[in-house]
Amino acid sequence: MNNLPKSHPRYISLLQREKIVEGFRKGIVAPQGLIAQGRGEAFDYILGEKTTRPAKKAIKASACLFLLARHPVISVNGNAAALIGKQIIKLASAIGAKIEVNLFYRTEKRKEKIEKFLISLGAKKFLAKKTPHAIIPGLKSERRKVSQEGIFKADVVFVPLEDGDRTENLIKMGKKVVAVDLNPFSRTSQKASITVVDNVVRAVPLLIGLTRKIKNENKNKLKVSLKNYNNKKNLKETIAIIQKRLIKTSLLN
Ligand code: PTJ
């Protein structure tokens, strides 16, 4: 949509929709990714399309965890590449992470397209090398195929926006998982070590900014911040915000 007026009250949301549609046309986003976007939009609407206080707390804890990690890896799917391709590279640079394309609706062709797209944005030196496949134990979906030197070896995995079949298995492998998911009820949200309930287009730039800001802080200080963070409590706070907003809005009528 070339003539998207900036004054449109839903401009930012419509812009994201256009990025997903464009990604679909380029063969980066799976058809099912269009549905995922709609689901995200619905939750974002309920949350007021703002980064909530609990989301900010989760972003701070994530920044600490990434800076303490030895082998952080950012897992990228079609939607994440289309929405925040450039930011993923900036984040990889800020935290010294590898980037690995990992798809639920996996085809080699789409995986290659996403990698080429990320390289065109400058990702080359961060992309996980094409090492032999390792398998995430217990996982049946195509997401089980990961790079030996990437997700398999990672101590912290970042999953911006995905379906819920993998987080639990990564945790069982002893890894920490940071998820960004607008749906606080999803399996990913419930199982992740840190859940940022926010739109990836808002959360990831905030995460990059904060990581750069605290990068040189004392490691013990980062550990203390991380220890004080409670994901279950934070999710409950988010759900309470949703409840409040729904009650307030229904009272208007
Ligand atoms: O590219 P692939 O093959 O790996 O497939 C990617 C999708 C997203 C299609 C796949 O992982 C999938 O089907 O995911 P789901 O089950 O639709 O879950 C996606 C989750 O992300 C849902 O909980 C949505 O609410 C949430 N979501 C969607 N858009 C955003 C989002 N969360 C944060 N920011 C968004 N922009």
Side-chain angles (χ1 to χ4, degrees), residues 10 12-52 54-55 58-59 62 74-88 91 99-115 117-118 136 139-146 151 157-170 177-192 194-207 235 238-239 242:
R10 307 211 41 75
I12 294 173
S13 176
L14 290 175
L15 203 62
Q16 286 167 46
R17 203 180 271 188
E18 287 310 306
K19 282 189 176 178
I20 291 287
V21 171
E22 199 190 322
F24 170 67
R25 290 198 178 117
K26 282 187 188 160
I28 287 171
V29 172
Q32 295 83 349
L34 302 171
I35 298 166
Q37 171 69 14
R39 188 136 62 113
E41 275 183 15
F43 277 102
D44 209 6
Y45 207 91
I46 294 171
L47 282 162
E49 295 173 322
K50 281 193 200 112
T51 304
T52 61
I59 289 170
S62 309
I74 304 173
S75 180
V76 178
N77 62 26
N79 287 48
L83 287 175
I84 49 161
K86 273 190 196 155
Q87 287 78 10
I88 282 167
L91 181 65
I99 298 171
E100 180 171 343
V101 177
N102 176 274
L103 303 179
F104 185 75
Y105 301 102
R106 182 187 173 108
T107 65
E108 282 312 308
K109 197 172 158 199
R110 190 157 66 90
K111 186 171 179 282
E112 269 170 33
K113 277 195 177 170
I114 297 172
E115 282 170 353
F117 174 65
L118 293 173
I136 300 176
L139 192 57
K140 295 281 177 286
S141 78
E142 284 295 301
R143 283 205 192 284
R144 71 186 186 280
K145 297 173 188 166
V146 292
I151 289 170
V157 184
F158 182 44
V159 291
L161 171 193
E162 77 169 39
D163 47 283
D165 74 331
R166 184 169 58 145
T167 297
E168 200 172 355
N169 295 75
L170 290 172
V177 177
V178 174
V180 183
D181 190 338
L182 278 159
N183 176 4
F185 308 101
S186 75
R187 271 188 303 153
T188 300
S189 287
Q190 296 288 327
K191 297 289 177 191
I194 299 176
T195 313
V196 181
V197 181
D198 198 11
N199 196 321
V200 289
V201 304
R202 291 190 300 270
V204 176
L206 289 174
L207 184 57
L235 274 172
T238 307
I239 293 167
I242 291 178

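Given the structure is predicted, the values throughout are model-derived calculations rather than measurements. One-based numbering, in listed order, for ligands and for the atoms of each. Below, all heavy atoms of this structure are taken into account, side chains as well, without hydrogens, waters or symmetry copies.
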_With respect to Arg106, determine whether any N or O atom, backbone or side chain, lies less than 3.5 Å from an N or O atom of ligand 1._
no

*Is the closest N or O pair between Leu83 and ligand 1 shorter than 3.5 Å?*
no

*asked:* Within the supplied structure, the quantity of interest is the number of heavy atoms (other residues, nucleotides, ligands) at a distance under 6.0 Å from Phe185 CZ; does it exceed 12?
replied: yes

*Looking only at protein heavy atoms, identify the closest one to atom 34 (N) of ligand 1 and say how far it is in Å.*
Val200 N, 3.0 Å

*Pair Arg166-Ser75, side-chain donor/acceptor within less than 3.5 Å*: yes

*Is any N or O atom of Gln32, backbone or side chain, closer than 3.5 Å to an N or O atom of ligand 1?*
no

*Among all protein heavy atoms, pick out the one at the shortest distance from atom 32 (N) of ligand 1; state its residue, atom name and that distance to 0.1 Å.*
Leu182 N, 3.2 Å

*asked:* Just to confirm my output: which protein heavy-atom neighbour is closest to atom 28 (C) of ligand 1, and how far is it?
replied: Ala36 O, 3.2 Å

*Would you please determine whether Asp198 falls within less than 4.0 Å of ligand 1 on a heavy-atom basis?*
yes

*Can you figure out which of Arg202, Gln37, Arg110, Lys19 has its heavy atom closest to atom 2 (P) of ligand 1?*
Arg110

*Taking everything shown except Ile12 itself, do over 12 heavy atoms lie less than 6.0 Å from its CD1?*
no

*Under a 4.0 Å heavy-atom limit, does Gln16 contact ligand 1 with its side chain, its backbone, both, or neither?*
neither

*Which protein non-hydrogen atom lies closest to atom 31 (C) of ligand 1, naming both residue and atom, and how far is it?*
Leu161 CG, 3.8 Å

*Closest non-hydrogen protein atom to atom 36 (N) of ligand 1, residue and atom name please, with distance?*
Asn199 OD1, 2.9 Å

*Do we see a donor-acceptor contact under 3.5 Å between the side chains of Asp165 and Ser141?*
yes

*Under 4.0 Å from a heavy atom of Asn183: give me the atoms of ligand 1 that qualify, with their elements.*
23 (O), 25 (O)

*Pull out every atom of ligand 1 sitting under 4.0 Å from any heavy atom of Leu103, numbered as shown with elements.*
1 (O), 3 (O), 4 (O)

*How close do Ile84 and Val200 get, heavy atom to heavy atom, and via which atoms?*
CG2-O, 3.8 Å

*Glu41 to ligand 1, any heavy atom closer than 4.0 Å*: no

*Looking only at protein heavy atoms, which one is nearest to atom 6 (C) of ligand 1, and how far off is it?*
Asn77 ND2, 3.8 Å

*asked:* Residue-level breakdown please: for Asp44 versus ligand 1, do any non-hydrogen atoms fall below 4.0 Å on the side chain, on the backbone, on both, or on neither?
replied: neither

*Taking N or O atoms only and a 3.5 Å limit, does Gly164 qualify as a polar contact for ligand 1?*
no

*Would you check the N or O atoms of Arg143, main chain and side chain alike, for any that come under 3.5 Å of an N or O of ligand 1?*
yes

*Protein heavy atom at shortest distance from atom 17 (O) of ligand 1*: Arg39 NH2, 3.0 Å

*Going by the atom numbers of ligand 1, which of them fall below 4.0 Å from some non-hydrogen atom of Asp181?*
20 (C), 21 (O), 22 (C), 23 (O), 24 (C), 25 (O), 26 (C), 32 (N)

*Apply side-chain contact (heavy atoms from CB on, under 4.5 Å) to Tyr105 and Asp163, showing your working.*
CA-CA 11 Å; Tyr105 301 102; Asp163 47 283; over 6 Å; no

